[in-house]
Amino acid sequence: DGGITQSPKYLFRKEGQNVTLSCEQNLNHDAMYWYRQDPGQGLRLIYYSQIVNDFQKGDIAEGYSVSREKKESFPLTVTSAQKNPTAFYLCASSPGDGYTFGSGTRLTVV
Amino acid sequence: DAKTTQPPSMDCAEGRAANLPCNHSTISGNEYVYWYRQIHSQGPQYIIHGLKNNETNEMASLIITEDRKSSTLILPHATLRDTAVYYCIVMVIYNQGGKLIFGQGTELSVKP
C-alpha cells in the first residue's frame, strides 16, 4: 500500500544533541512538507520541498535543516540551535492537490 | 498567517448532523477550500475540498457560499469517532503542491 512512513514514533534526546527524523513516501509525490505541532495548537510549517534537490523555509525554519536528495525521502534534522524542540512533528506529501500525512514523530528533549 | 476563522469548539449529539462553519473572507479566485481533521496524536486526515460548487463524498458535504467568503462542513450523522479537531484551509493548487497553512481549527466533541 502507498503511504508516508515516519520513524520513529517516539524519540528521546538529550538537550544539545542534533536528531534526524525520517520521512519516506512511496506515493510518487513531488512535494513534501514538515510541520510542527505543540500541545493544543495547530500545525506550523517548518520546511517544504516541491522538487528533488530544492527546498524552501516555512514559517518556523530556525533551528531546523532538511535535505531532498531523493524524491521519496525528506529527512528533518532538529539541531541544537532549536530552543524548544520538544513537539509533535508531522511529515506530508502532495501531488499538487491534497496532502497525505504521516502518523507523526513525538520528540522529547530532556 | 492562517486565512480562515473557525469557532474554537463545538458539541454535537451522536446521530445528529454536525455543521462546522468557516470564514475565509479574503479568499482569492484560484484558492480552494480544504477540510482536514485530526484525531488526537495522529496525522491530519483529508475530508473534502472544493472551489465554488458544493461537494459531497462518503465522509461529508461541503457548502460554499456564492461569494465564497465562507463555507460549512457537514457531517450528516455524527458518530463518537468523529470527535476530532477540524481544520478549514484555503490553498492554491499548482503542479508541484501548494502550502497548507493551518489555523487553530474547531474541536468537535460528539456526545452520546
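All chains are named by letter (A, B, ...) in the order of the sequence lines, taking the proteins before the strands, and each is independently numbered beginning at 1. Everything numeric in this text was worked out from a predicted model, so none of it was measured.
Heavy-atom distances place the side chain of A:Arg106, and not its backbone, under 4.5 Å from chain B. Only the side chain of A:Gln37 comes within contact range of chain B, judged by heavy atoms closer than 4.5 Å. Using a 4.5 Å cut-off between heavy atoms, A:Leu90 contacts chain B through its side chain alone, with no backbone atom that close. Interface residue B:Gln38: only side-chain heavy atoms are found under 4.5 Å from chain A.
Checked against the 6.0 Å centroid threshold, B:Phe102 and B:Tyr87 count as a close aromatic pair. Aromatic ring centres of A:Tyr47 and A:Tyr64 lie farther apart than the 6.0 Å criterion allows.
Contact count versus chain B (heavy atoms, under 4.5 Å) is highest, among A:Ser93, A:Gly40, A:Gly42, for A:Gly42. Comparing B:Gln45, B:Gln42, B:Glu107 by heavy-atom pairs within less than 4.5 Å of chain A, the highest count is held by B:Gln42.
Below 30°, between 30° and 60°, or above 60°: for A:Phe74 and A:Trp34 the angle between ring planes is between 30° and 60°, a tilted geometry. Using a 30° and 60° split on the angle between ring planes, B:Tyr46 and B:Tyr36 fall in the perpendicular class, above 60°.
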Output, in order, the C-alpha distance, side-chain angles, deciding distance and verdict of side chain to side chain contact (heavy atoms under 4.5 Å, CB included) for B:Ser109 and B:Ser9. CA-CA 8 Å; B:Ser109 297; B:Ser9 63; over 6 Å; no
